[in-house]
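Worksheet: the structure to be examined is printed underneath.
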2 protein chains.
Amino acid sequence: MRESDSPEARPYHHGDLRRALVEAACRLLEKEGAGALSLRAVAREAGVSPAAPYHHFKDKSELLDAVAHEGWEKLDVAFQAARDAKTSPPERVRELGVAYVRFASQHPDLYRVMYDCSRDKADMPAHVHENEESAYRRVREVLISAGADPSDEIGLELATIACWCAAHGLAEMTSFKQFEPLKEALGGEEAFLRGVLAHVGVFAKGL
Amino acid sequence: MRESDSPEARPYHHGDLRRALVEAACRLLEKEGAGALSLRAVAREAGVSPAAPYHHFKDKSELLDAVAHEGWEKLDVAFQAARDAKTSPPERVRELGVAYVRFASQHPDLYRVMYDCSRDKADMPAHVHENEESAYRRVREVLISAGADPSDEIGLELATIACWCAAHGLAEMTSFKQFEPLKEALGGEEAFLRGVLAHVGVFAKGL
DNA sequence: GCGCTATCTTAGCGTTGTTCAAATAAGAAA
DNA sequence: TTTCTTATTTGAACAACGCTAAGATAGCGC
């Protein structure tokens, strides 16, 4: 029981440690929270020595990158449902926003890692951010399908960014306990999210 | 030169160390960034031993709280100008948003500390957040003066939160290098901020 | 003067990220 | 097969961190 018990390819004598480490990190993140996510703890959880990860990641931050990558993929899955929802295109924009925020509120520590990675590598070339990029493009597509003018390059980009900013801001705030009375008054988190997003132009009318 | 050279009250035999520590922390934050802000580094910067801070703050996080407190005060100063601007009330809402985001983009590391403190104490009683609260109330006031219906308690709160979320989201994103081409196309950061905020209902039309 | 108490220092504990030489095991070459 | 090579893992170590405990120091009221 010293490594991931998945029956996958184990190309070297200790199995696919890289994969095992990322999974251990995700497990720790859900169990103990972001504060407990040290490289040593991840190695411990995976059952290897503290130095082992350095043969698969040059840094702690590179491990976190891999975790974040996983996170963006999970978010993309959550986006699928919203995009394929059988509602009007403008409503789909809202669904996308709600899906985003709900993802963040269901996996707060993972979301934190994802965002910290994005910020710490904010000045790196674009190809580093492939997953963010793909989520970004998805928002953009839904905005177009909701009636945004695709020929107005700048306007479209501004709208997409506004979408993303509002969703990110709300995602980081929903957990604030100060809002709980309001959530109850509205009858749940879902209604709260929709209520806030309704005040954000892009979500309210799809541009 | 072992402590702050301000000629202020020094009630105990080493001067007002608490104050000196907060100032040293702010100095470090601007010089070296958030990553270099260790308790020991702050003590070093203030010219005292690593254990000295523990007689003024029970924790590292309590020092950061004090730094964040300072930050909210500085933000409030930045808000003053926007509130007193001689423009139409709806325009003032936009000014507030721009002031908020500009503050965050001018003091990114301080803003990070401020926000991390808010999140880490998100489940604490309200009086802990007096400064956030006062900034929140300021937004609320400006919204009312811009035409929001003060009797619609819930609607007003939702609008305030939407404001804050959009501003916070944008504040954390403006530094992303991906947006730089767009900023240039629009002729500067200011235009970029206004462009994004224009897509956020609350900012665009003051509710 | 005296003691009291707050303040600061020195020393130390446990943990972290990271490096490096040595050990180990898998795959290729003989 | 045996040997060689190379990728992987370990164990020991370093500096830096947050934090604690015991002692030194200095200001205060008596």
Side-chain angles (χ1 to χ4, degrees), chain A residues 1-4 6 8-25 28-29 31-68 109 112-113 116-117 120-121, chain B residues 1-4 6 8-25 28-29 31-68 109 112-113 116-117 120-121:
Chain A
M1 229 230 272
R2 91 170 17 170
E3 69 229 344
S4 155
S6 67
E8 304 197 7
R10 38 186 62 201
Y12 296 115
H13 63 313
H14 258 77
D16 192 346
L17 183 56
R18 186 190 159 94
R19 178 90 194 172
L21 285 170
V22 174
E23 282 170 7
L28 264 178
L29 210 47
K31 260 193 306 183
E32 321 265 357
L37 198 66
S38 68
L39 234 190
R40 291 176 108 105
V42 172
R44 228 174 289 139
E45 170 85 15
V48 298
S49 87
Y54 285 90
H55 293 265
H56 302 271
F57 307 96
K58 89 173 217 298
D59 246 350
K60 177 188 183 181
S61 88
E62 208 171 279
L63 205 206
L64 294 186
D65 286 354
V67 173
D109 299 278
R112 173 123 84 116
V113 170
D116 285 352
C117 283
D120 293 348
K121 306 199 307 303
Chain B
M1 225 227 275
R2 92 171 17 171
E3 70 230 345
S4 153
S6 66
E8 305 196 7
R10 39 185 61 201
Y12 296 114
H13 63 312
H14 259 78
D16 193 346
L17 182 55
R18 185 188 159 95
R19 179 88 194 177
L21 285 169
V22 174
E23 282 171 8
L28 264 178
L29 212 47
K31 260 193 305 183
E32 320 265 356
L37 198 65
S38 69
L39 237 188
R40 291 174 111 105
V42 172
R44 226 175 292 137
E45 170 84 16
V48 297
S49 86
Y54 286 91
H55 293 266
H56 301 272
F57 306 95
K58 87 173 218 299
D59 248 347
K60 178 188 183 180
S61 87
E62 208 171 278
L63 204 207
L64 294 186
D65 286 354
V67 173
D109 299 278
R112 171 121 86 116
V113 170
D116 285 351
C117 283
D120 292 347
K121 304 199 306 310

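By convention in this document, chain letters (A, B, ...) are assigned in the order of the sequence lines, proteins followed by strands, and residues within each chain are numbered from 1. Quick note: numbers below take in every heavy atom, side chains included, and nothing from hydrogens, waters or symmetry partners. Everything numeric in this text was worked out from a predicted model, so none of it was measured.
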Per-nucleotide protein contact string for nucleotides 10-16 of chain C (B base, S sugar-phosphate only, - none; heavy atom under 4.0 Å): B-B---B
When you get a sec, tell me which of D:dG18, C:dT9, C:dT18 is the closest nucleotide to the side chain of B:Tyr54? D:dG18
When rounded to the nearest 0.5 angstrom, what is the spacing between CZ in A:Arg44 and CG in A:Leu28? 8.5 Å
Can you tell me how far the CD atom of A:Glu45 sits from the CD atom of A:Glu23, to the nearest 0.5 Å? 10.5 Å
How would you list, by chain and number, every residue that makes a salt bridge (charged side-chain N to carboxylate O under 4.0 Å, His left out) with B:Asp109, sequence neighbours excluded? none
Just how far, in rounded Å, is [atom2] of [N] from [atom1] of [X]?
| X | N | atom1 | atom2 | value |
| --- | --- | --- | --- | --- |
| B:Glu62 | D:dG18 | CD | P | 15 Å |
| B:Leu37 | D:dC17 | CG | C1' | 13 Å |
| A:Phe57 | C:dT19 | CZ | C1' | 18 Å |
| A:Leu17 | C:dA25 | CG | C1' | 15 Å |
| B:Leu63 | D:dC17 | CG | C1' | 15 Å |

Have a look at B:Val113 and tell me which of B:Asp65, B:Leu63, B:Val67 forms a side chain to side chain contact (heavy atoms under 4.5 Å, CB included) with it. B:Val67
Compare side-chain N and O positions of B:His56 against OP1 and OP2 of C:dC8 and report whether any pair is under 4.0 Å apart. yes
Test side-chain contact (heavy atoms from CB on, under 4.5 Å) on B:Phe57 and B:Leu39; report intermediate values, then the result. CA-CA 11 Å; B:Phe57 306 95; B:Leu39 237 188; over 6 Å; no
Would you indicate whether the side-chain heavy atoms of A:Asp116 and A:Leu64 approach each other to under 4.5 Å? no
